[in-house]
Number of protein chains: 2
Amino acid sequence: MKNNNINNLLKSNGFSVTKPRVQIIKILQNSNSPIGIDAIINKTDGKIAISSAYRIIADLLDADLINAFQSPENKLLVELIQNNTKHHHHLYCQSCKKVLDIDIDEKLEKNIDSLIRKISKQNNIEITNHSFELFGKCNDKSHE
Amino acid sequence: MKNNNINNLLKSNGFSVTKPRVQIIKILQNSNSPIGIDAIINKTDGKIAISSAYRIIADLLDADLINAFQSPENKLLVELIQNNTKHHHHLYCQSCKKVLDIDIDEKLEKNIDSLIRKISKQNNIEITNHSFELFGKCNDKSHE
DNA sequence: ATAATATTGAGAATGATTCTCAATATTATT
DNA sequence: AATAATATTGAGAATCATTCTCAATATTAT
């Protein structure tokens, strides 16, 4: 994405165009899997303050431009919501700490939806969200 | 459960019998939903040090006597694994912060298992665990 | 170009969890 | 039951991710 498009993205969501915001969006665009705050900051040559990074991420989250969630190691992970981003889930590798996006097939997704409706009724609770996460170990033994 | 049974549980898992360990197991037995460290400590009249509580929970976890996981507010929640405990999932209420255990029906559980096998193959990753968590809002408006 | 406003960076503050180690309790031995 | 050997505890310091504060700086509107 060109800078102009990032500018438009920011402006159309009520943000002023600042270097840190543009940088962070670029980094998220170039990442093909969810990424942590520390990694984001590393990719900016340390030019963005940690507090600014957190603040910007929080703002982008409020504007629904990104997804954010906690890794099993309890760090915030972040991914940009692209035009074609649909509801999906994550696979955490406990050896190499990478996170993969996974899709689940439509049939299962529907099953899950109907389960959710059932639980919602049974417990008289409005269910607003759900997560389905997988944990595994890849064959990269270098981390053991 | 009587004290004797708790003593046996501890001994048969290689633990010596100490007051803090017995207390914590009792508290977990009397809790019908996952409970946080702070709540555990509160129920002991503040007699157990925070560091001891964390240590004991970690030990019980190693011995597979309890399940532990993070709440959406990023606190450790803990529940005892009873004889009849089977694989289940959790529903977090974002208003009242309670956690409910939920069962999912066998058919869906099987679907999930087969999805997991598929993803495992596709990504050449051994999948060791998964979580399926629901988030909702109950009708208790006192927290808003 | 200037003024008004918003954002940033640096570091202090916070909150959960982990670590350290001397004091104390438990277990094994007599 | 008393003692010695070993394990556990409590208190507080340390750590780690995240949030807060506020003066310095950048952006936007005029």
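The figures that follow rest on heavy atoms only: side chains count, while hydrogens, waters and symmetry mates do not. Everything numeric here is computed off the predicted structure, so don't read it as measured data. Order of the sequence lines fixes the chain letters, A, B, ..., with proteins taken first and strands second; residue numbering starts at 1 for each chain.
Applying the side chain to side chain donor-acceptor pair (under 3.5 Å) rule to A/S33 yields no partners; only residues at least two apart in sequence or on another chain are considered. For A/K47, the side chain to side chain donor-acceptor pair (under 3.5 Å) criterion is met by A/D45, not counting sequence neighbours. Contacts of B/D38 classified as salt bridge (charged side-chain N to carboxylate O under 4.0 Å, His left out), with partners at least two apart in sequence or in another chain: B/K75. The side chain to side chain donor-acceptor pair (under 3.5 Å) check on A/K19 picks up nothing, with sequence neighbours excluded. For B/K11, there are no side chain to side chain donor-acceptor pair (under 3.5 Å) partners, not counting sequence neighbours. The side-chain contact (heavy atoms from CB on, under 4.5 Å) check on B/A49 picks up B/S51, B/S52, with sequence neighbours excluded. Remark: A/S131 engages A/E133, B/E133, B/F135 in a side-chain contact (heavy atoms from CB on, under 4.5 Å) (not counting sequence neighbours).
Here the C1' atom of nucleotide D/dA7 and the CG atom of B/L10 are 14 Å apart, to the nearest Å. Nucleotide D/dT8 holds its P atom 13 Å from the CD1 atom of B/I25, rounded to whole Å. One interatomic measurement links the two molecules: CD1 of A/I41 to P of D/dA17, which rounds to 11 Å at whole-angstrom precision. Between A/Q23 atom CD and C/dT7 atom P the separation is 17 Å, expressed in whole Å. Look at CD on A/Q70: it is 9 Å from C1' on D/dA17, rounded to the nearest Å. With rounding to whole Å, B/D38 atom CG is found 11 Å from C/dG15 atom C1'. If you measure from atom CD1 of A/I24 to atom P of C/dT8, you get 8 Å, rounded to the nearest angstrom. Distance, A/K75 NZ to C/dG15 C1': 18 Å, rounded to whole Å.
A pairwise comparison of heavy atoms in B/I40 and B/I27 identifies O-CD1, 3.6 Å as the closest pair.
With a 3.5 Å limit on both pairing distances and Watson-Crick or G-U wobble geometry required, the stems of 3 or more pairs in DNA chain D span C:1-30 with D:1-30.
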Side-chain polar contacts of residues 98-108 of chain B - donor-acceptor pairs under 3.5 angstrom, sequence neighbours left out - could you list them?
unit_1	atom_1	unit_2	atom_2	d
B/D101	OD1	B/H88	NE2	3.3
B/D101	OD1	B/H90	NE2	3.2
B/D105	OD1	B/K107	N	3.3
B/D105	OD1	B/L108	N	2.9
B/D105	OD2	A/K118	NZ	3.3

Under 3.5 Å, sequence neighbours excluded: what are the donor-acceptor pairs made by side chains of residues 57-67 of chain A?
none

Item to check | nucleotides 22-30 of chain C: protein proximity per nucleotide (B base, S sugar-phosphate only, - neither; heavy atom, under 4.0 Å) | outcome: ----SS---

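Taking CG of B/N129 as the start and OH of A/Y92 as the end, the distance is 12.5 Å to the nearest 0.5 Å.
Of the residues in residues 47-60 of chain B, those with a non-hydrogen atom less than 4.0 angstrom from any atom of DNA chain D are B/K47, B/I48, B/A49, B/S51, B/S52, B/R55, B/I56.
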